[in-house]
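As structure tokens, the structure follows; a few thoughts come after it.
We number each residue from 1, following the sequence as shown.
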Amino acid sequence: MINVKNLYKDFGKCRVIDALSCDIKDNECVVVIGPSGSGKSTFLRCLNSLEEPTYGEIWFDGKMLTPPDPYLHPDIIKASNTYKKLTSGNTDSEDAVAKIKKEDLLKRHEGREYASLLKKFDAENHLDINIARQRMGMVFQHFNLFNNLTVMDNLTLAPVKLKLKTKEQAESKAMELLERIGLPEKKDEYPSKLSGGQKQRIAIIRALCMEPEVMLFDEPTSALDPEMVGEVLDVMKSLAKTGMTMICVTHEMGFAREVADRVLFMDSGKILEEGTPEEIFQNPKSERLKSFLAKVF
């Protein structure tokens, strides 16, 4: 469903994501773990186009969410003036492509043929971000509820505003989800009257009101008191059991062990190790993962 190809993200001179590639399958629950500052949240924000990658591409259901990266497409590289100049001498074609990639030479001025091919590739494969965000819900660390709106208004605002549902349809769906998480009596309350755990559960079902195909969770329990963590994780576990495609960045190792189909361990912007929860937690291969697990258990 989601294909990440050679992803890089730089903030100035700081490289936060470094040559990251992975595939997320339909109906798969993937949990991303790793130390603070390893690039986990930035990776998740790139998936939802809240951050634009420096290089690389992200594909969602066969369509491209990011601008095309010419370095991933040899035919586009070979349409560049840089490639033609390099191969006009004695440089082998494959050596020329390798040199262009290694030295990032396509930032120079290129010709019409190259620009036309790049534009055509983008037009044929690009997915509008507004459509993508309707299909991919995201839950943040700090709830991001509108404090001046009631719970019901928070839940129905997006589907009604985007004309995906009538007000009556949106309210019906919202009540169904409020019943599901055990908070129907909170529909007319304002967020300031809710506990942290209640706010986060409302934030989750607000995303579900858009009926997304994928849910992204960015450390949804990190801002909660310990006693409130369980109620949010219970909602996420219930969601995973329905077969929802989920990508979760979390420090909750128990949740990862119980719910994940696959665990990705990140450090320094890279996926250093991946596998089933049993493989990651019971038989870690890399010394870095062993060291990380020794500190969290």
Side-chain angles (χ1 to χ4, degrees), residues 1-28 30 32 39 42-136 213-214 216 245 247 262 264 266 268-272 274:
M1 174 171 272
I2 299 176
N3 309 105
V4 181
K5 303 179 180 182
N6 203 39
L7 193 71
Y8 288 81
K9 178 61 183 178
D10 298 338
F11 291 104
K13 295 182 179 180
C14 179
R15 176 149 288 172
V16 180
I17 303 292
D18 189 359
L20 188 154
S21 296
C22 69
D23 294 326
I24 310 295
K25 299 173 185 174
D26 196 15
N27 305 124
E28 185 178 31
V30 175
V32 185
T42 300
F43 167 54
L44 211 63
R45 291 173 67 84
C46 285
L47 293 181
N48 204 29
S49 297
L50 294 173
E51 298 287 355
E52 184 173 308
T54 306
Y55 302 104
E57 293 174 352
I58 298 171
W59 292 68
F60 177 44
D61 201 18
K63 289 291 184 179
M64 190 169 54
L65 292 177
T66 55
D69 182 347
Y71 294 110
L72 295 176
H73 305 284
D75 54 333
I76 296 177
I77 292 176
K78 290 176 182 179
S80 68
N81 286 336
T82 304
Y83 174 82
K84 291 171 184 175
K85 288 177 182 176
L86 286 173
T87 54
S88 64
N90 296 321
T91 305
D92 176 79
S93 62
E94 294 307 312
D95 289 343
V97 169
K99 181 179 176 66
I100 288 169
K101 288 181 177 181
K102 183 178 180 180
E103 299 182 19
D104 193 9
L105 298 181
L106 291 183
K107 288 184 176 179
R108 301 175 181 175
H109 176 69
E110 296 296 340
R112 290 183 180 179
E113 184 180 356
Y114 168 85
S116 176
L117 192 57
L118 197 62
K119 186 176 181 180
K120 181 174 182 288
F121 184 85
D122 190 28
E124 289 174 349
N125 295 285
H126 187 68
L127 177 64
D128 181 83
I129 185 55
N130 293 316
I131 295 174
R133 284 177 178 157
Q134 291 175 25
R135 299 173 62 189
M136 192 183 301
E213 299 164 40
V214 179
L216 310 177
T245 305
I247 308 168
R262 187 156 47 104
L264 309 181
M266 285 186 64
S268 302
K270 299 175 180 288
I271 297 175
L272 296 189
E274 64 177 290

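Contact check for D10 versus V16: no side-chain heavy atoms found under the 4.5 Å cut-off. The shortest distance between side-chain heavy atoms of K25 and V30 does not fall below 4.5 Å. Taking 4.5 Å as the limit, every side-chain heavy atom of P53 sits out of range of all side-chain heavy atoms of K9. Taking the side chain as every heavy atom from C-beta outward, K63 and H126 never approach each other to under 4.5 Å. A heavy-atom distance below 4.5 Å is found between the side chains of L86 and K99. Put simply, the side chain of D18 does not reach to within 4.5 Å of the side chain of S268, judged on heavy atoms. With contacts defined as side-chain heavy-atom distances shorter than 4.5 Å, the pair L7/C46 qualifies. Counting only heavy atoms from C-beta outward, the side chains of C22 and L20 approach each other to under 4.5 Å.
In terms of modelled atom types and a separation under 3.5 Å, the side chain of E110 and the main chain of N81 share a donor-acceptor contact. The backbone N or O of N27 lies less than 3.5 Å from a partner atom in the side chain of T245, making a donor-acceptor pair. Between the R15 side chain and the Y8 main chain, no donor and acceptor come within less than 3.5 Å of each other. Under a 3.5 Å cut-off, the side chain of S80 and the backbone N or O of Y114 do not form any donor-acceptor pair. The closest donor-acceptor contact from the side chain of E57 to the backbone of D69 lies under 3.5 Å. Judged purely by atom type and a 3.5 angstrom limit, T87 uses its side chain to pair as donor or acceptor with the backbone of Y83.
E52 is linked by a salt bridge (charged side-chain N to carboxylate O under 4.0 Å, His left out) to nothing, counting only residues two or more places apart in sequence or in another chain. Among residues two or more places apart in sequence or in another chain, the side-chain contact (heavy atoms from CB on, under 4.5 Å) test is passed with N130 by D128. Qualifying side-chain contact (heavy atoms from CB on, under 4.5 Å) partners for Q134, counting only residues two or more places apart in sequence or in other chains: L162, L164, M210.
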Steps toward side-chain contact (heavy atoms from CB on, under 4.5 Å) verdict (T42, F11): CA-CA 11 Å; T42 300; F11 291 104; 4.1 Å; yes

Worked check of side-chain contact (heavy atoms from CB on, under 4.5 Å) between V32 and I271: CA-CA 9 Å; V32 185; I271 297 175; over 6 Å; no

Candidate pair D104 and Y71, rule side-chain contact (heavy atoms from CB on, under 4.5 Å), full reasoning: CA-CA 8 Å; D104 193 9; Y71 294 110; 2.4 Å; yes

side-chain contact (heavy atoms from CB on, under 4.5 Å) assessment of E213 paired with M136: CA-CA 6 Å; E213 299 164 40; M136 192 183 301; over 6 Å; no

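Rounding to the nearest 0.5 Å gives a distance of 11.0 Å between CD1 of I131 and CZ of F60. Annotation: the span from D95 atom CG to K102 atom NZ amounts to 11.5 Å, rounded to 0.5 Å. Expressed to the nearest 0.5 Å, how far CG of D75 lies from CG of L118 amounts to 10.0 Å. Here L264 contributes atom CG and M266 contributes atom CE; the two are 8.5 Å apart, rounded to the nearest 0.5 Å. Taken from CG in D23 to CD1 in I2, the straight-line distance is 10.0 Å, to the nearest 0.5 Å. In this structure, L216 CG and L44 CG are separated by 4.5 Å, a value rounded to the nearest 0.5 Å.
Counting all heavy atoms, side chain and backbone alike, A132 lies closest to L65 at CB-CD2, 3.4 Å. Across all non-hydrogen atoms, the minimal contact from L117 to A79 is CD2-CB, 3.9 Å. In this structure, I17 and G39 approach most closely via the heavy-atom pair CD1-O, 3.3 Å. Heavy-atom minimum distance, D26 versus M1: OD1-CE, 3.4 Å. The two residues K78 and V97 come nearest to each other via the heavy atoms CE-CG2, 4.1 Å. Closest approach of D122 to M64, counting heavy atoms only: OD1-CE, 3.7 Å.
Taking the six-membered ring where tryptophan is involved, the planes of H73 and F121 are tilted, since the angle between them lies from 30° to 60°.
A salt bridge between E113 and K84 is present, with a side-chain N of the basic residue lying under 4.0 Å from a carboxylate O of the acidic one. In this structure, R135 pairs ionically with D61, as a charged nitrogen and a carboxylate oxygen lie closer than 4.0 Å.
Just one residue in the list L127, T66, N3 forms a side chain to side chain contact (heavy atoms under 4.5 Å, CB included) with I58, and that residue is T66.
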